[in-house]
Structure formats: C-alpha cells, structure tokens
Colleague: 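Quick one: structure below, then a few questions.
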Amino acid sequence: MPTRQPMRIRPRRTTGDLLAGLGALAVLVALLGGVPYALLRLAGPPLTPELLDLDLLTSRVGTGTIVAILVLLVWLAWLQLVVCVLVELYAGIRRVGMPARVPLAGGTQALANRLVSAVLLLFTVSAVAVPLLRPAGPPADRPAAVAAGTSPLAAPATAERAPLVPVGKAKKVYVVQPPHGRHHESLWEIAEKCLGDGRRYPEIYRLNQHKEQPDGSRLRIADLIRPGWVLDMPDDARNVHIVPAAQPRPDTLDDHPGRPAELDGRTRYVVPGGADLPAEAPAESRERPAVRPEPVPERPVVRPEPVPERADPPAEADRAPAAPEAEGSPGSGDSTGSPGAEGPGSERPGSAGSAESAEPGFGSGGSGESGESGLGMLDYLAGASLAAAGLLAALGRRRREQLWHRAFGRRIVRPREDAAQAELALRLGADAPGSRMLDIGLRLLGRSLAAAGRVPPTVYAAHLSPRHLDLWIHPPDPDAPAPWAAHDGGQVWRLPAHEGRMLDEAALADAPAPYPGLVSLGGDGEGRVLVDLEAAHGLIAVRGAQTTAALAALAVELATNRWSDRMRVTLVGFGEELTVIAPERIRCASGLEEVLPELEAEARAAADRGHGAEVLTGRIHGRAGDPVWSPHYLLSAVPPSAEEARRLAVLARTGARTAAGYVIAGDVPHATWNWEIDGDGRLRVDALGFEVAAQLLPRRQYRALVELFSTARRLEGEPVDDEAGPVTPNPSVEVRILGPIEIAGPPPMEEGRAGLAVEMVVYLATHPGGVHPVVLGGVLWPRGVQAVVRDATIARVVAWLGADSEGRPNLYADESGRLRLGPEVRTDWMLFRELVRRSHADAAARAVLLEQALGLVRGPLLSGRPRGRYAWLAADDLEYDVAAGVADAAHRSCEVWLAAGEPGRAVAAVRAGLLLAADDEGLWRDLLRATHRTGDPARLRAVAEALHRRAESHPYGGGMAPETEALIDELLPAWRMSSAPSA
C-alpha cells in the first residue's frame, strides 16, 4: 500500500506572517492617525460653521454646505473604523470569544478584524522568534510532524533517509480535559488553541456531530462538551494527538488521558506503545521511545453542588467547593452543561451500570439497541419540546391532585436526583406556545372547513418552527381558510406564528381535534417535524438502532399532547411503566397475539361505518368532549411473526384513512412507510424524504420520567423546612419573591442584562450557604457558558449591588470561594418565616404577626419571570416550601380569626394565601367556611361559583377535590342547580 512522504508542519508563524503584521500595523497607523491629520489639514474639523448655523434648516443649500456634510460623513466613517478597531483589540487581547458586533459596520469591522489579527501576531513571542531563529525547521532529534493520513511517527530528516514502509492511516484528535478551578474547556477555546482561531469551532463541531463518545453520549449542541470526549480535529490542527484512524475512542481515551504537550507550538505526537512503528524503520527511530504527553496533575472535577434535602447552612458552608459528591441538585449533572459534571446515574460503557439489564418491558423486543449511558436530560428531554410541554401539563395535573391531599405542616413530595433533573430539562425545553399554536391552529382549521362544508385534506406531515406552522397536505389545494395561507401551489398550508398567537382559545374550547395522530419524529435544526400516523394508510416499520427509545418517545408524546381529545395507545413489549404518566390513554400487552383480535374487531366495525374521508369529516363535525372516530395507535417493540405480519397487513391494506396507526419495530413485510434510525440518531423516512435528528427516550431518561411521575402520585407528603435564619431589620437590599420579582435598593440596571442579574441575586438569596461560581454557572446557564462570560456577569452584579451601610460588599466570595450575599441583604421570604416563627411563640400577638406575614404576599411565587429561566426551581426546595408555608400561615390565621369571631378578617387572610397558593384546595375550603360564617348567602354563592368556574377552566383540568364538592353541598345545597348552565 503506497504511503505519502512525511511532511514537516511549519512553525506557528512564518516570515510572511511577520511581514504581514508589520504591513497591517503600518496600515492601522495610517488609518487611525493619518486620516484625521489629513482631514484636519485639508478639510477642517467635523463640525464646520456652516453646519452649526441654525438657519441651515430653512435656507437654501449651497455648495459649501454640501461639502461640509460630506466632510462630516467622512469623519463619521473614520470614527466607526476606530470603534471597530477598539472592539477587535479588546476581543483579541482579552480573548472573550466572538467580538461584539458594531452596528452598520459589516465591511469596516471585517477589515478591522483582519488588520488587528495580523498586528497581534507581532506581540506573540513565537511569532517573531520562530521564523528568525529557526528558518531551517525543527532540529533532527525531534519527531517529525505528519500530515493527516500518514504515519503517526516518521523518521528524522537525514541526508540518507531509510525507505518508508506502508503504514495505516492516522487522524488527529483532542481529548477534552477536566475543569481546572473555575475554568472549563469549550469548543471555541479548543479551536483557538489547536486551530489558531476560535471562530473555526464549527469545523470541530461538524467533524464530531452525532458521533458516539467514550461515555456513550454524542455531541448534539455546540455548547455542550464533556471531559473525556475524544474530538476529531481538522488536518491542520496542532497541540493534538495522532492516533490510528480506526482506533476506537475509548481506546484513545485510555492511551491519552492527559492533554497534549506543546513544544514551540508543535505537537509531540504519540504512538501507543510504539506499536505503529514500521518494522524496517531506521534504528534511530526504533530505539527512541515514543514521545508521550507530559503528565498533567490530576485535578478534582468540579460538579454542581446539591441542594440538601433540609437546608442546613453550617453544613453547607463546611462542604468543600471543589468536588461535591452528592447529586440531584439544580444545575447538576449533564443538564448544567458544566464539564466534568456527569449527572446522577451516569454510566460508562463497560462499567457495572452499563451492564445492568434493561428494566422490564424496555429495551426488549429485538431492537438491538445498546444501553444508553452518560447522557444528561438536556440531550433528549429538553430537545423534545412538544413532548416536554405535554409532560409538564400532565405533571401539573398530578401535582394538583397531590395538593388535594396535602396535610397541614407538610409539603407535597418533590422529585430528587434524576427525576428532578428530568423536570428541569422539561422546563427548559418545553415549547408551550408552539404546542398551543399547533392545537388551536388545527382546531380552527377543522372548524373553518366544517363551516364551509369542505372535506379536510390529508395532512401527512407538519413542520413547527418559531416563525410558522406548515402542513403538507394531499391533494394540493390553493384555497386555504384564513388565517391559513397556501404555499407551493397549495401543497403547503401555513399559519404564521403571529397569527397563531392571536387565536382565541376560549372560542375554540369545544372545537374537535381533526389530526390527533400527528407526532414528532425529531428536529431538523429549524423546528420540529411531525407526521400523521393515520396518513400512512398502512403499517409503519421502524428499523435500526434505538428503535425502542424511538417508540417510547412516540408513546409519551401521543399520550400527553394537547392536539388530541380522546385516544388509546397500546404498547406491545415495552412501556408498562409509562401507564403512570397517562393511565387513561396507555395500556400495555406482552405480545401482538393479545391485541390483534381487538384490532381486527375495530377494523370490521370501521369498515361497516365507512372510512377514508369520512374519518376526517366526522371528526370536524363532532365535539371535543365527545369526539367522533377516536383513534387507536399500536406501537410494538416486538417484531411480528409471519402470521402476525400477515394479519397486520390485512388490517392496514385498506389503502384509505382509518382512525388507527401501526408502528412496528423490525423488518415488516408490506410496510407503507419505513423509518430508519442510524447509529448517529438520524431518522429517515423513505416515502416522505425526511431526515431529522430522531426524538428518542433512552433508558436513563425513561426511568427518570417514570420516577418523576411516580413521585407525583405520592400523597403522604414530607415535612416542611421551617427553620428561619437571622433577618436584618434594616436591609440595604431587599429581594422580593412572594409575588412579582423585585430587587429594592440598588439602582436600575440596563434592561437587557437585568433579567440574568436578578435571577442570580434570587438564587444566591435563597441559598444562604453560598454557591461556588462553577455551580452558579451551571444553574444560570444550564446549556453551558464560557467562564469569562460567567465571571463578567458576576462582576457586574457585584458592582450593581454595591456595599452595605458599613462599606462591605453586598455580594462577595468567602474563603472557600463560594459566592454569598452580605448580612444586609434580605428576602421577603426570610422575613415571612421569621414572622411565622415568632407567631408560634407569642399567642397574644399571633393574629397580628400572621397578618403581617401574609401582607408580604403579593402574588404567585416569582411571578413574571421570563420564559425559559428559573428552571432550577424544578430541583429546589423553594417552590415546595413557599407554597406550603404560605398556605399553612393562611390556614392558621383563618382559624385564629374565626376563633376570635372575626370571619371577615379570616376571609381576608385566606384570600392573601390564595394569591400565592391558588391550587391548594384546603385554602378554598377555609374560604368557604369563613365566608359561610359571615352569614351572607350571596357572598357564599359567589365563592362557590368562582371555585366551580376555576375548576372547569383550570389549565391542568381535573375539576375540584371531592372534599371541596362535599363541603359546598353541605353549606350551599342548591349550588349545583345554579351552576348547571355554565357547566
């Protein structure tokens, strides 16, 4: 096999680079100094007397005025160039990453970038020393560098070169290193170090996108890389390792755990054990030991710290910040994006964790998929934006039922570890507006077509993006009902996002769902791609890797989406645990033989009623509460036998639409659509020509979701942390969270930066034990952030909060490196708990103290927070403690005032509690009892009707608690008759 000759990689900077830098410096000096000098000598200052004359606006414009305006424009162009040069200098010297963009300066800033980059080379030692002192290249005793695709170690250049023998191809790789202190690596930094320009990071991203790493995970988001990953590098990369092209990544990681050593900008190449040395290589090459990277001392991996189950500031303060061991905190694990922080339960291939058997019903069925390990919740759950929105709505319904059973002095059980991280990922990724637009847009479409007496088209696919919702329809129809518009000759019906946001949801509350079988396949980089399972008119076969994970993702979205009314989803060979998420929709079977008789009976009944267009027509003329043609979808992870495949083919051979869909794993004869999932997680649909990043629910995320919903079914509750810390009477900064978020004390901050700064202060104020900056970065930027951005934000908040009355900074780092707020920073929640604590000890002042505490409540916790932020609340005690604490204080205050014969003040106390804990039906029952004690039947009836309307229109549904209905029946027996019309 022929081989290419070894090539010497040139030094980092050549004489040409030096000359280019000197030339760029001369050009910069001429532009920054020569241009203004010439303007002042030849044309004068920017503002001439002609331009300063106020009569210019009304007088006739002469030649002198035009010249003056042109001179001013030249001055402004020069000033823009100066600003661009300063911005580029700052970015190049400070290495802040991508320079800030100067408005209206595209070409000017590009010129400044090239000039500044060339000039900065002059101030790099190696840029000058290497070309001048080493013009002949590296000395003979160094290993020669090679081009990509040649031998990883070549013989030194000598007068008499020994003949080269064929060797295998090689590639350049970089091993991502663990974080060091407050620093962790990013693709930008690796590109800057290995390619000389951080802007080249997309090249590294494209080389490694979707490729499996040693921990089993894959690069899906450029901001998320993890220590121990082995990244393929471009051919011109330096400071890297050279390895055989076919070497598996785990082997590369074992051979090269440390970072590459550097020598005058050139790489010391590594040949594991010298195994790649040619047998006939020169003696000098054979005898010289392989050059390995210099050892890097082991540093502790910084992982986000846990939120303890019971807040205990002294213990939290004593914990070392470098390597906390516990898991399950907000921002911990992979969901933080912090390198080195493998989430709870993360496993490595070959470890005991990865060898565990699949849980019952999952991963079976002959799909051939390997156990997923090491991936955080963000990789899948946050990416499944529509499924995440449906799951959060279903979780809200379970939480509401938990609150029905909450006992005084206890809070509902909160999720922990992976379950908490799953909820955090759902909150981060949920696309509730997109889910709403898909739901309301389709219902409006169906109602519009029904009103016009038209037959709905077949929607075989949809694409939902932030800009619009597209439906691919058949047959093409250029007459789309408003606000939908036809595109591509009527093949696509489009609903713009701004139109979707204005749709009246209440007016469409009873409109039926015409296309309940739409389900997400995955993302294409611009949005979510969905297909209609019913539009296949036959069987759908899923083949390749992770088929069960794909089926589980389909099942979860079908069972929780809001664009369907009533349906059944039958899972065969997997998913028994998913019934905890949607027991009213999901059922499981161990084999196809259990469900085929029922499916065949349904098919016969459908044939008697007619099908095809009548399915869609019947649906759009029905009602949401009583849908026509309720669908039944079969998802089987068990490949069918020959007889079962025949019976399935008979079921689906009608060639027309039915209210059914069949998705089967494996090679299925006579399949209408074939979905192929490759090893990189890409899904292809042959008949439709789609290729997307598949929406998957692997084992770890599957278990986390099941645990999350299992926790939401626990009704026993858990104790509330009611320990109140010291409260300063005269705060210099007050953080108000019991309602709209407010920071009182510091001056207003720039609007674009205020949201992040306020969230940082809220997190620190509610974690008085202190937070390490790396942990804080993972909390506020769960998808990852550069250390320089994090530190700049912290410094900005330090300056914003200022100092207290004694000159101490209100935000500081303690001796262990943790960030803490000063003693004169107080939250309204701290004051609330202190007042409640004092009310326990002072019976005489109890009513007044509780009234003062409830007076601090202004609305829902942290209301008005930006969408997508404060996701850390999912893995924190705060939401649970605040809701329970406020409800208990309102309940206690109600009892005190009722005992004192003051029902009006009892009503006021309960209403104050309902401002924050509106879903706590124990408070609603207190309100009913207190209102009844006022002796005003009309007032009691108004409360009962308001509660009934709220229960009927609650976004999570579920009606009201049976105890509440029973109490209304007792206090107001005739309430049902009065509320019947509105029901």
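In what follows, every heavy atom counts, from backbone to side chain, and hydrogens, waters and symmetry copies are set aside.
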Colleague: Of I540, V542, L533, V663, which is the lone residue that meets side chain to side chain contact (heavy atoms under 4.5 Å, CB included) with W673?
Modeller: I540
Colleague: Do D479 and R454 touch side chain to side chain, with heavy atoms closer than 4.5 Å?
Modeller: yes
Colleague: Do the side chain of R869 and the main chain of L780 share a donor and acceptor less than 3.5 angstrom apart?
Modeller: yes
Colleague: Quick one: closest heavy-atom pair of G489 and P476, and the distance?
Modeller: O-CB, 3.8 Å
Colleague: Looking only at atom types and distance, does a side-chain atom of W563 sit under 3.5 Å from a main-chain N or O of R443, one as donor and one as acceptor?
Modeller: no
Colleague: Just wondering, do R447 and L508 contact through their side chains at under 4.5 Å, heavy atoms?
Modeller: yes
Colleague: Looking only at heavy atoms, which two atoms of P516 and M567 are closest? And how far apart?
Modeller: O-CE, 3.6 Å
Colleague: So which atom in W484 and which in L442 form the shortest heavy-atom distance, rounded to 0.1 Å?
Modeller: CZ2-N, 4.4 Å
Colleague: So L530 and E557, do their side chains get closer than 4.5 Å, heavy atoms only?
Modeller: yes
Colleague: Does D431 use its side chain to pair, donor to acceptor, with the backbone of S385 at less than 3.5 Å?
Modeller: no
Colleague: Are there more than 12 heavy atoms of other residues, nucleotides or ligands under 6.0 Å from atom NE2 of H487?
Modeller: yes
Colleague: Would you name the heavy atoms of L558 and R585 that are closest together and state the gap between them?
Modeller: O-NH1, 2.9 Å
Colleague: Quick one: pull up CZ in R562 and CG in L386 and give me the separation to the nearest 0.5 Å.
Modeller: 11.0 Å
Colleague: Are the side chains of P433 and R501 in contact, using a 4.5 Å heavy-atom criterion?
Modeller: no
Colleague: Scan the side chains in residues 455-464 for donor-acceptor partners under 3.5 Å anywhere in the protein, sequence neighbours excluded, and list what turns up.
Modeller:
| residue | atom | partner | partner atom | Å |
| --- | --- | --- | --- | --- |
| H463 | NE2 | D524 | OD1 | 3.3 |
| H463 | NE2 | D524 | OD2 | 3.0 |

Colleague: So do the side chains of V762 and I737 get within less than 4.5 Å of each other, counting heavy atoms only?
Modeller: yes
Colleague: Do we see a donor-acceptor contact under 3.5 Å between the side chains of Y633 and E534?
Modeller: yes
Colleague: Who passes ring-ring contact (aromatic ring centres under 6.0 Å, His included) against H954, sequence neighbours left out?
Modeller: Y956
Colleague: Have T672 and H537 got a donor and an acceptor in their side chains that come within less than 3.5 Å?
Modeller: no
Colleague: Scan side-chain atoms only and decide if R218 and Q209 contain a donor-acceptor pair under the 3.5 Å cut-off.
Modeller: no
Colleague: Under the criterion side chain to side chain contact (heavy atoms under 4.5 Å, CB included), I'd like the reasoning laid out for D678 against R684: C-alpha separation, chi angles, the key distance, then a yes or no.
Modeller: CA-CA 9 Å; D678 63 21; R684 298 177 181 83; 3.1 Å; yes
Colleague: For residues E423 and P415, report the shortest heavy-atom separation together with the two atoms involved.
Modeller: OE1-CG, 3.5 Å
Colleague: Could you check whether any side-chain N or O of R436 sits under 3.5 Å from a backbone N or O of G500, counting only pairs where one atom can act as donor and the other as acceptor?
Modeller: yes
Colleague: Apply the test side-chain hydrogen bond (donor to acceptor under 3.5 Å, both in side chains) to residues R587 and T570: give CA-CA distance (whole Å), side-chain angles for both, the deciding distance (0.1 Å), then the verdict.
Modeller: CA-CA 5 Å; R587 68 164 185 166; T570 298; 3.0 Å; yes
Colleague: Main chain of A506, side chain of D504: is a donor-acceptor contact present, judged purely on distance under 3.5 Å?
Modeller: yes
Colleague: Rounded to the nearest 0.5 Å, what separation is found between the CG atom of L688 and the CD atom of E691?
Modeller: 13.5 Å
Colleague: Compare all side-chain heavy atoms of R427 with those of L873 and state whether any distance is below 4.5 angstrom.
Modeller: yes
Colleague: Would you indicate whether the side-chain heavy atoms of R397 and Q402 approach each other to under 4.5 Å?
Modeller: no
Colleague: Does any donor atom in the side chain of R528 or S520 lie under 3.5 Å from an acceptor atom in the other side chain?
Modeller: no
Colleague: Are the side chains of E742 and R858 in touch, meaning some heavy atoms are under 4.5 Å apart?
Modeller: yes
Colleague: Tell me the closest heavy-atom pair linking L449 and P481, and the distance in Å.
Modeller: CD2-CG, 4.1 Å
Colleague: Report yes or no: do E526 and S465 form a side-chain donor-acceptor pair below 3.5 Å?
Modeller: no
Colleague: Could you tell me if W872 and E759 have a donor-acceptor pair between their side chains, going purely by distance under 3.5 Å?
Modeller: yes
